[in-house]
Amino acid sequence: VCFKVEGCHANDLATIIDQDRGIAMRSGHHCTQPLHTELGIAASARLSAYFYNTEEEIDAAADALRAAIELITGQGQGEALDPAMAALLDV
């Protein structure tokens with residue numbers, strides 16, 4: 001599933017989710033630069049699931065995405081970031 005979150009750059013979401021939670025998430029053009037140009041966006045984020053993913057893994061990805069959005073936008077309480085990640089992001 002590819003998506004864009006208002007107020008969050010796709011690269012920031014992917015970095016936080018990967019570094020803080022260890023969940024692989026892609027960001028960028030995904031070979032669809034003409035679509036991104038038409039939509040007026042620089043990049044999109046992508047989370048993928050396949051038949052071998054468990055419900056728990058999908059729930060973990062959704063929770064990680066929710067927490068990353070809250071962190072970037074400053075909304076909600078969110079979970080505390082790993083101290084190394086917080087230092088990297090200077091938050």
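These values consider heavy atoms only, across backbone and side chains, with no hydrogens, waters or symmetry-generated copies. Note that the numbering runs from 1 along the sequence shown for the chain.
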Inset, instruction - Please confirm whether the backbone N or O of S44 pairs with a side-chain atom of H30, one donor and one acceptor, at under 3.5 Å? - result: yes
Inset, instruction - May I ask you to test the I23-D18 pair for a side-chain heavy-atom distance under 4.5 Å? - result: no
Inset, instruction - Spell out, yes or no, whether F3 and I17 are grouped together once hydrophobic residues are joined by side-chain heavy atoms under 4.5 Å, including indirect joins. - result: yes
For the atom pair [atom1] ([X]) and [atom2] ([Y]), what is the distance rounded to the nearest 0.5 Å?
X: L13; Y: L65; atom1: CG; atom2: CG; value: 6.0 Å
X: I16; Y: C8; atom1: CD1; atom2: SG; value: 8.0 Å
X: I69; Y: D12; atom1: CD1; atom2: CG; value: 12.0 Å
X: D63; Y: E56; atom1: CG; atom2: CD; value: 11.5 Å
X: E57; Y: Y50; atom1: CD; atom2: OH; value: 15.0 Å
X: H29; Y: I41; atom1: NE2; atom2: CD1; value: 8.5 Å

For [X] versus [Y], what's the shortest heavy-atom pair and its separation?
X: A24; Y: L47; value: O-CD2, 3.9 Å
X: T73; Y: G7; value: CG2-O, 4.4 Å
X: R21; Y: A60; value: NH1-O, 4.5 Å
X: M25; Y: A14; value: O-CB, 3.6 Å

Legend entry - R46 and S27: CA distance, side-chain angles, deciding distance, side-chain contact (heavy atoms from CB on, under 4.5 Å) verdict: CA-CA 6 Å; R46 185 177 78 206; S27 62; over 6 Å; no
